[in-house]
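Okay, structure first, notes after.
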Amino acid sequence: MADTIEATGLAIHPGMLSPAEQRSLLAQIQMVMKRSPLYRPTMPRTGKPFSVMMTNCGTLGWVADKAGYRYQPRHPETGKPWPPIPDQLTALWTRLGAPATPEACLVNIYDEGARLGMHQDSDEATFDAPVVSVSLGDTAVFRMGGTTRRGPTRSVRLSSGDVVVFGGPSRLMYHGIDRVLSGSSRLIEGGGRINLTLRRVTPWTDAAAS
Ligand code: MD3
Ligand code: FE
């Protein structure tokens, strides 16, 4: 059962993944990163580099470069298709009641000092499915606001094994990562944090029930 379920459609599941599940998921993601190397995205127009490194798995991956933000089926540097989403993550998506199957899994890598400014996720062609976030490694200070850029925000710590479902109105809330607490987890050799976000990018069709 989720620790926090709100009218906003947000559900926080602290420690949903056991240490063994975290280790097996980390091994799967390390294989993804071998096939699909991390790259450093840049801000549209300015070309300013992100402090977060990224890659993806799934049929579509989110990329950022001088031309803009978009989803595409291939890695921007290798030109190869993204590897498939590990079964453990697809099973988690289904277990959480999310629809159809996830199309994109964005892998965000935070080293000491990396952060992610407040933003809204709005590059998808549907907002009807939730975004599912899985945290591995060092604890992050996550900031969330409302559905407009201004207004009150609150801060929540996301630790290794925590799973958050952003559905309903919370799907369009502003959010960011203020900082990562280095040395807070021993999961990842050498430290750091990995965040996985599972998403639908395009609408799906429910199979008709007779
Ligand atoms: C709320 N990632 O990839 S996870 C992102 O920890 C992103 O790497 C952060 O924001 C990270 O876009 C935050 C929590 C999260 C992810 C996606 C969301 C919250 C969200 C999408 C919609 C609403
Ligand atoms: Fe986001």
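Ligands are counted one by one from 1 in listed order, and the atoms in each one are counted from 1 as well. The figures that follow rest on heavy atoms only: side chains count, while hydrogens, waters and symmetry mates do not.
Counting all heavy atoms, side chain and backbone alike, L60 lies closest to P73 at CD2-N, 3.9 Å. Nearest heavy atom pair, residue P86 against residue I29, reads CG-CD1, 4.3 Å.
The contact shell of ligand 1, taken as protein residues with any non-hydrogen atom closer than 4.0 angstrom, comprises L106, N108, Y110, L116, H119, D121, V131, S133, F142, F166, S170, R171, H175, I177, R193, N195, T197, R199.
Panel note: side chain S51, backbone A114; no donor-acceptor pair is recorded below 3.5 Å. Without hydrogens or angle criteria, W93 side chain to P99 main chain gives a donor-acceptor distance under 3.5 Å. Between the side chain of R193 and the main chain of D111, no donor-acceptor pair closer than 3.5 Å is present.
Vertex the Fe ion (ligand 2); arms to H119 atom NE2 and H175 atom NE2; angle 90° (nearest 10°).
Contact check on E103 versus R199 returns no salt bridge, with no Lys/Arg side-chain nitrogen under 4.0 Å from an Asp/Glu carboxylate oxygen.
The Fe ion (ligand 2) is closest to atom OD1 of D121 (considering only N, O or S atoms).
Relative ring orientation between H75 and Y39 is described as perpendicular, the plane-to-plane angle rising above 60° on a 0-90° scale split at 30° and 60°.
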